[in-house]
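Only one structure is covered here, and it is reproduced in the block below.
Values in this document were obtained by computation on a predicted structure and should not be read as measured data.
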Number of protein chains: 4
Amino acid sequence: MSVTPPPSRLRSLKAVLPSSAVPDGTRRRILEAALQLFASRGFHGASIRDLATALELRPSALYAHFPSKEHVLAELVRMGHEAHHEGLRTALLGAGSEPIEQLRALVRAHTLLHANHPQLAVVVNEEIHVLPPELAAPSLALREQSAALLHAVIERGRAQGVFSVPHAGVTAAAISTLGLRLPYWYEPSAALDVDMLADLHVELSLRMLGVQGPPAPVS
Amino acid sequence: MSVTPPPSRLRSLKAVLPSSAVPDGTRRRILEAALQLFASRGFHGASIRDLATALELRPSALYAHFPSKEHVLAELVRMGHEAHHEGLRTALLGAGSEPIEQLRALVRAHTLLHANHPQLAVVVNEEIHVLPPELAAPSLALREQSAALLHAVIERGRAQGVFSVPHAGVTAAAISTLGLRLPYWYEPSAALDVDMLADLHVELSLRMLGVQGPPAPVS
Amino acid sequence: MSVTPPPSRLRSLKAVLPSSAVPDGTRRRILEAALQLFASRGFHGASIRDLATALELRPSALYAHFPSKEHVLAELVRMGHEAHHEGLRTALLGAGSEPIEQLRALVRAHTLLHANHPQLAVVVNEEIHVLPPELAAPSLALREQSAALLHAVIERGRAQGVFSVPHAGVTAAAISTLGLRLPYWYEPSAALDVDMLADLHVELSLRMLGVQGPPAPVS
Amino acid sequence: MSVTPPPSRLRSLKAVLPSSAVPDGTRRRILEAALQLFASRGFHGASIRDLATALELRPSALYAHFPSKEHVLAELVRMGHEAHHEGLRTALLGAGSEPIEQLRALVRAHTLLHANHPQLAVVVNEEIHVLPPELAAPSLALREQSAALLHAVIERGRAQGVFSVPHAGVTAAAISTLGLRLPYWYEPSAALDVDMLADLHVELSLRMLGVQGPPAPVS
DNA sequence: GATGAATGAGTGTTCATTCAT
DNA sequence: CATGAATGAACACTCATTCAT
């Protein structure tokens, strides 16, 4: 009966995998289409038939590449967490030893990842809970490692007296959150491109950490 | 057949409706059970049968109270937005005319609502997208009004020179976001109760707005 | 493509449940239709859709009465074993204390049950192996009790010297087997009705046990 | 996904083809693995994928050797019936002209075949019904010829007055049945090896035919 | 001979919903 | 108000089989 399109929580941008690790071919196409569908309708809201239709394949063909729908999600979630963790780690490595520079690098990378891969960010954060524990575990481990990177930088900055913060945990959560909600409202534009956005998030983070930034430009 | 419990994205606290507007009775019990289920498994992940089972009722009995599963969600989403909007409006009314006091009031109310009603916050933010436009519209309108309250305060503060901010929109988004992710990590405790949390969010918000707070206490 | 009817291992007699314990209604109709289908095509060869079609129902309607296809089979297998065990026990109770009379009663009951309920005999014996252990267990327990009845009679007869047998176990198996293959070749007729058949099996059993019967009639 | 092994109706002995007519190679390996699987799970319960997995092959590889799954079964059924018929014929040829000796030979051969090739016995008897008539026909013809051999011996013995039997058909069925259920309970052991079993079946058959055997040994 | 990718039909089962009682 | 029985569509997934390589 229904001819109206199903509701979607994200604009239908082309979904882009962050990793070059997945070789071209049907497997990659499945992951990309699934990323798009899971991001816009949720794991339970997107059926294997929807996925097959989007790929111009028959549902059964998917099972030559993944043992189950859950495994497709698990792979996306794993890739998302790895790209995120790798992005943070690489940023930190190029940032010298100053806590302020390290924080700049982390926040910038965090924001760029979420702004450039909004679908993956959504899937990773909203759908990981449908995975059974054994499929979610590797990603949850990575997540903790990534959180630890931020915490360590904040603690070092505090120890050195460059950060001044009422509550390290809540502040760290606030800084993380800056990126996590991006996919729901941000869309790159000339007036606010990803680079400017990253700069703004860096500035806001430093303010929360009690670091006096340069004088704020007019809006 | 399945023995293992389905994965859940939230701890299974007792779900609590914010409003006294719903009279006791089966209708209220349905809303409370649905809130719990939709929050922990998502709208598509929780079936009418699950809901009926949780209520010790037969699925068909629910249709005497709501015309469809979607209408149950719509009602929750509406209540959530109304409670939120009402909470912000009330806070603002009691806050005097100073932008700093107004912002304090808004952030405090925003944080308390999300900390005290985590299930409703999750359902309102993650599941509204499954509603067809006509059911989602009233809530989306309220949401814009609530956002406008925050924007107006920030703009007034800026005009009066008490807020100094690199980008009003991004900063407003950052402040809103502070509350939205709470349900995923925050749990009230003696070491960090909801009141302290609200104070911390106020402090972080003011810092982002360039307002020098009191000297930060250690940890 | 295929328009030819699926192969069947049994003639399509009306399947008859042995028990009056199942009340009339859809549940009973399902059991009867399943008995017919499982007997003629095997559990795996008969689909839920076949069953629903035979009942002029939609497949989903079956799940209001049984939680799974396996549970339908399990119920049939249980009923078959209970009817069998009950039949043997009742026969034995009315047979006095003479081993020969007791054996007569057991063989007669065993044969009548298999001859009168060929579908149930086939399902019970050929399909029980598809049940998971927990569903098969009660029936397997009954089966052992039934076997024990026959063994006990043979042993008592041997102890009293009225039976003379080269190997009790093999002979007991041979007597049991007399009934088990009946559904594959026997069809009641005026020339060989179930009563005559039971008499013949009694005679053959006694001969195997070394008991001199009455002079054999000419074919 | 399933971790528990599928239920099986036969112990997982190594399945052994009776015939040296099948040359070594993949075709023979397929037949042996199929024999094992069809015997333990039934034709419909064992998939081409199961078969390929057991052979460490891909499903498509099987189609270079057999045109369909049904043809694999048909070949097994044909081989089983030929081995059986050949076994009976050979036994009869070496048995002289006395009905008693002929019957001894037939029963002995029948029992040895079923005891030594339980999987084939099960497949031949329980799965032939899934074959379409044209694939089953040759085997059914052989089956009738084998039955005719037994009937002929019984009739000659009756005509000569050495057998005395209440009903030739029922008695012949009883004698045949002796072998058919063997795979479900018999396992060769030192206490009851196949040779002893064959002797016992000969003895039981002769008793059913009214021939006084040697005095029965104790147990 | 064997493979990997695909197909089309079909599997058992669950879905939200209806309706007579 | 609530139930039990039913529906029709959809679900994730498996089936035997094909075919280009």
Short N/O separations, protein against nucleotides 16-18 of chain F, under 3.5 angstrom:
residue: dA16(F); atom: OP1; partner: Ile48(D); partner atom: N; Å: 3.4
residue: dA16(F); atom: OP1; partner: Lys69(D); partner atom: NZ; Å: 2.9
residue: dA16(F); atom: OP2; partner: Ile48(D); partner atom: N; Å: 2.9
residue: dT17(F); atom: OP2; partner: Tyr63(D); partner atom: OH; Å: 2.7
residue: dT17(F); atom: OP2; partner: Lys69(D); partner atom: N; Å: 2.9
residue: dT17(F); atom: O5'; partner: Tyr63(D); partner atom: OH; Å: 3.3

Both distances under 3.5 Å, Watson-Crick or G-U wobble: report the partner of dT21(F), or none.
->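 Result: dA2(E).
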
Is any side-chain heavy atom of Val72(A) less than 4.5 Å from a side-chain heavy atom of His65(A)?
->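 No; the side chains remain at least 4.5 Å from each other.
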
Is there side-chain contact between Phe43(B) and Leu37(B), with heavy atoms separated by less than 4.5 Å?
->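 Contact flag for Phe43(B)/Leu37(B) side chains = no.
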
Short side-chain N/O contact to dA6(F) OP1/OP2 from His65(C), under 4.0 Å |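 Checking His65(C) against dA6(F): at least one side-chain N or O falls below 4.0 Å of OP1 or OP2.
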
Taking only the side-chain nitrogens and oxygens of Thr26(B), find out if one of them lies under 4.0 Å from OP1 or OP2 of dC1(F).
->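 Looking at the OP1 and OP2 atoms of dC1(F), neither is under 4.0 Å from any side-chain N or O of Thr26(B).
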
Cut-off 3.5 Å, side chains only: do Ser47(B) and Asp50(B) have a donor facing an acceptor?
->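 Note: Ser47(B) and Asp50(B) side chains meet the donor-acceptor criterion.
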
Taking the nucleotide of DNA chain E with the closest heavy atom to each, which residue, Ala61(D) or Asp50(C), is nearer the 5' end?
->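 The residue closer to the strand's 5' end, by nearest nucleotide, is Ala61(D).
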
Whole-Å distance between dC13(F) C1' and Arg58(A) CZ?
->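 To the nearest whole Å, that distance equals 16 Å.
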
In whole angstrom, what separates Glu56(A)'s CD from dA5(E)'s P?
->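 Result: 19 Å.
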
Which pair of non-hydrogen atoms, one from Val130(D) and one from Glu70(D), has the smallest distance, and what is that distance?
->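 Where Val130(D) meets Glu70(D) most closely, the heavy atoms are O-OE2, 3.9 Å.
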
Assess whether atom CD of Glu134(D) is packed by more than 12 heavy atoms of other residues, nucleotides or ligands within 6.0 Å.
->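 Yes, the 6.0 Å shell around CD holds more than 12 heavy atoms from other groups.
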
